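A short write-up of the structure that comes next.
Note that the structure is predicted; figures quoted are calculated from it, not measured.
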Amino acid sequence: MTQEKIDRINALARKQKTEGLTEQEKAEQAALRREYIEAYKQSLVAQLENTYLVEPDGTKRKVKRKDESSSH
């Protein structure tokens, strides 16, 4: 997500608080927010894929997705 898009999200939020948004602006705001949330999720997943837990004995193990772990 570019800084321009983030700035636009913030501008629309400010305008919404002061004077309200047109239907077109509401649709644009919703689309930008969805895009922002997806980018955030992708960034978080990428970070977690490179995260390791260090056990008390010093061994490292990779963090796994909940759906990848064994069922109990």
Next on the checklist: Restricting to side chain to side chain contact (heavy atoms under 4.5 Å, CB included), what partner residues turn up for Gln16, sequence neighbours left out?
Outcome noted: Leu21, Gln29, Arg33
Checklist entry - With sequence neighbours excluded, what pairs up with Glu23 under the salt bridge (charged side-chain N to carboxylate O under 4.0 Å, His left out) test? => result Lys26
Checklist entry - Is Gln24 atom CD crowded by more than 12 heavy atoms from other residues, nucleotides or ligands, each under 6.0 Å away? => result no
Checklist entry - Hey, what do you get for CD1 (Ile37) to CG (Leu32), rounding to the nearest 0.5 Å? => result 11.0 Å
Next on the checklist: My understanding is that only residues two or more places apart in sequence, or in another chain, count here; which of them pass side-chain hydrogen bond (donor to acceptor under 3.5 Å, both in side chains) with Thr2?
Outcome noted: none
Kindly list each side-chain donor-acceptor pair under 3.5 angstrom involving residues 4-15, sequence neighbours excluded, with atom names and distances?
{"residue": "Lys5", "atom": "NZ", "partner": "Glu35", "partner atom": "OE1", "Å": "3.3"}
{"residue": "Lys5", "atom": "NZ", "partner": "Glu35", "partner atom": "OE2", "Å": "2.7"}
{"residue": "Asp7", "atom": "OD1", "partner": "Gln3", "partner atom": "NE2", "Å": "2.9"}
{"residue": "Arg8", "atom": "NE", "partner": "Glu28", "partner atom": "OE2", "Å": "2.9"}
{"residue": "Arg8", "atom": "NH2", "partner": "Glu28", "partner atom": "OE1", "Å": "3.0"}
{"residue": "Asn10", "atom": "ND2", "partner": "Ile6", "partner atom": "O", "Å": "3.3"}
{"residue": "Lys15", "atom": "NZ", "partner": "Glu25", "partner atom": "OE1", "Å": "3.0"}
{"residue": "Lys15", "atom": "NZ", "partner": "Glu25", "partner atom": "OE2", "Å": "2.6"}

Checklist entry - Taking only residues two or more places apart in sequence, or in another chain, which ones meet Glu19 in a side-chain hydrogen bond (donor to acceptor under 3.5 Å, both in side chains)? => result none
Next on the checklist: Once side-chain hydrogen bond (donor to acceptor under 3.5 Å, both in side chains) is applied, do any residues pair with Asn50, and if so which ones, sequence neighbours excluded?
Outcome noted: none
Item to check | Set of side chain to side chain contact (heavy atoms under 4.5 Å, CB included) partners for Lys62, sequence neighbours left out | outcome: Tyr52
Item to check | Connected-component partners of Leu44 among ILVMFWY, side-chain separation under 4.5 Å | outcome: Leu48
Checklist entry - With sequence neighbours left out, what residues match Val45 under side chain to side chain contact (heavy atoms under 4.5 Å, CB included)? => result Glu49, Arg65
